[in-house]
Structure formats: C-alpha cells, structure tokens
Colleague: 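Take this structure first; my questions come after.
As the structure lists them, so they are numbered: ligands from 1, and atoms in each ligand from 1.
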Amino acid sequence: MSSKNIPTPHIEAKQGDFAPTVIMPGDPQRAEFIAKTYLTDARLVNNVRGICGYTGYYKGKRVSVMASGMGQPSMGIYSYELFAFYDVKNIIRVGTCGAMDKDLHARDIVIGMGACTNGNYAAQYNLPGTYCPIADFNLVKKAVEACDKMGLKYKVGNILSSDMFYDDASSALEWTKMGVLAVEMESAALYCNAARLGKSALCICTVSDSFVYPQENTTSEERRSAFTKMMEVALEIA
Ligand code: HPA
C-alpha cells in the first residue's frame, strides 16, 4: 500500500525499516532480548508506546522483531500496520500458551495450525458463517522441519485465542472436546489479518503452564531456555 500511511498511529518506523519477516513476541522486553541475543547490527526502528521493534541480521539474513502487546486488539493493530503499510510479508508470533492437551507439558512447543477464538475479530468481514483462521502452510512445514532438526518436542494443531486470561466461566477446557491443544490470546487476529491482506502468518508457542498438570513447575531459568528454543525455530524459518 502507499507510504502516505507511514508513520502509522502506532509505528514510527520509516518505509523499508522492516524486513519481509517480523518475529513477534507479545512482550517488548522479549523483543529486545531476541534482537540483542540473536541479531547482528540490530537497529531500533520503533518505540511508540514502548512497543520496541528492531531490524538486524540473523545468519546474514535481514529480519525484524517487534512486540505485539497482549490480546487480539493489540495484535490486530500491529500486524495490520506491518502487513498493510510496511510491506511485511510474514509475521511469526512467538509466545506462551496454557496447555490443555494431556500430551503437552511445560516447555513443549505448540505450532498453531489453526486458531479458534471466543473473540469477535472476524465479525468485521461480514461473512455468512464462521471463518476458520489458519496459519500459512509453508511456515507450518518449515517450523515442523526446524523442530525435528533441533530435536524439540512439539505438537501441531488447533489453538484457542481467548479474549480472557481470567475467565469467570473457566470455559477454555470446553475446547478440548474438539481437540484444541492450548490457549493463548493473539493468533486468531493475526491469522485473520494475514488472510485478509494476502500475507503469511504463524504462531509458535511454548507451554508456560498446563491446565492438565498444574503442579508442573519449571524454574524461570528452565523456561527461559525453552523460550530460547522457540525463538531459534522462528529465526531459522524467517
Ligand atoms: N491463558 C491465556 N493465555 C495464556 C495462558 C493461559 O492460560 N498461558 C499462557 N498464555
């Protein structure tokens, strides 16, 4: 789209500041961690509202990382502006999820092939039915290949993008009767924006907590190294 939209209400970067692929954690500090740990020549290209975005190089390939914030409205804003106004082609979300599937344990990886939601994001498209937000097949395939190569434990399938972290009805587990693996809060909006704008998206999550095994405790150090693996998967496929 045209550069007259740049800068956007939420991103101050200039045209061309973002690489074709943006890795998106929810947390700005994690975006900074990825940039400083993995990228060479990382340059801060956005810091509006503390949603920091960096562009640098990973193994010689230009790549960006920017936070999405929490929840579908926030992910909806940032992914839309990156796709529509900054010519970004791929967004790979790296986040945490609550596992609902009994085969998943803390630190495992979930690749979100589809994202169910209790939210209303897709209502804007006025479709005569229920839209099914899905990841880009190529990105799913590459993530699976990277996980296999790195020897990581993962599952591929449907996730739930919930609008509630604190859910009065504790309704997330209902989705397990349809085989939904885990709950997070952003992917359905990301997949909708990618579909609407003809772009590609994927969500890779690390299990931070489990509804099935609430007693499973991981130290923050253990979790950090698991998150690091997920970031490496995302960077490998970028
Ligand atoms: N709910 C929603 N999002 C999450 C959770 C959860 O239990 N755990 C990590 N992200």
Colleague: Using a strict threshold of under 4.0 Å (side-chain N to carboxylate O), is an ion pair present between Lys155 and Asp108?
Modeller: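 Not counted as a salt bridge, because no side-chain N and carboxylate O are separated by less than 4.0 Å.
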Colleague: Sort out the contact shell of ligand 1: every protein residue with a heavy-atom distance below 4.0 Å, listed by chain and number.
Modeller: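 Residue list for ligand 1: Thr96, Cys97, Gly98, Phe165, Val183, Glu184, Met185, Ser208, Asp209, Phe211.
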Colleague: Can you tell whether the side chains of Arg43 and Asp17 come within less than 4.0 Å, N to carboxylate O?
Modeller: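 Yes, charged N to carboxylate O under 4.0 Å.
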Colleague: Name all residues meeting the salt bridge (Lys or Arg N to Asp or Glu O under 4.0 Å) criterion together with Glu12; count only those two or more places apart in sequence or in a different chain, and write none if there are none.
Modeller: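 For Glu12 there are no salt bridge (Lys or Arg N to Asp or Glu O under 4.0 Å) partners, ignoring immediate neighbours.
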Colleague: Looking at Lys142 and Glu236, is there a salt bridge between them, counting it only when a charged N and a carboxylate O are closer than 4.0 Å?
Modeller: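 So Glu236 does not pair with Lys142 through a salt bridge.
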Colleague: Hey, are Glu32 and Lys36 close enough for a salt bridge, meaning a charged N less than 4.0 Å from a carboxylate O?
Modeller: yes
Colleague: May I ask you to check whether over 12 heavy atoms, not counting those of Ile77, lie within 6.0 Å of atom CD1?
Modeller: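 Check passes, neighbour count above 12.
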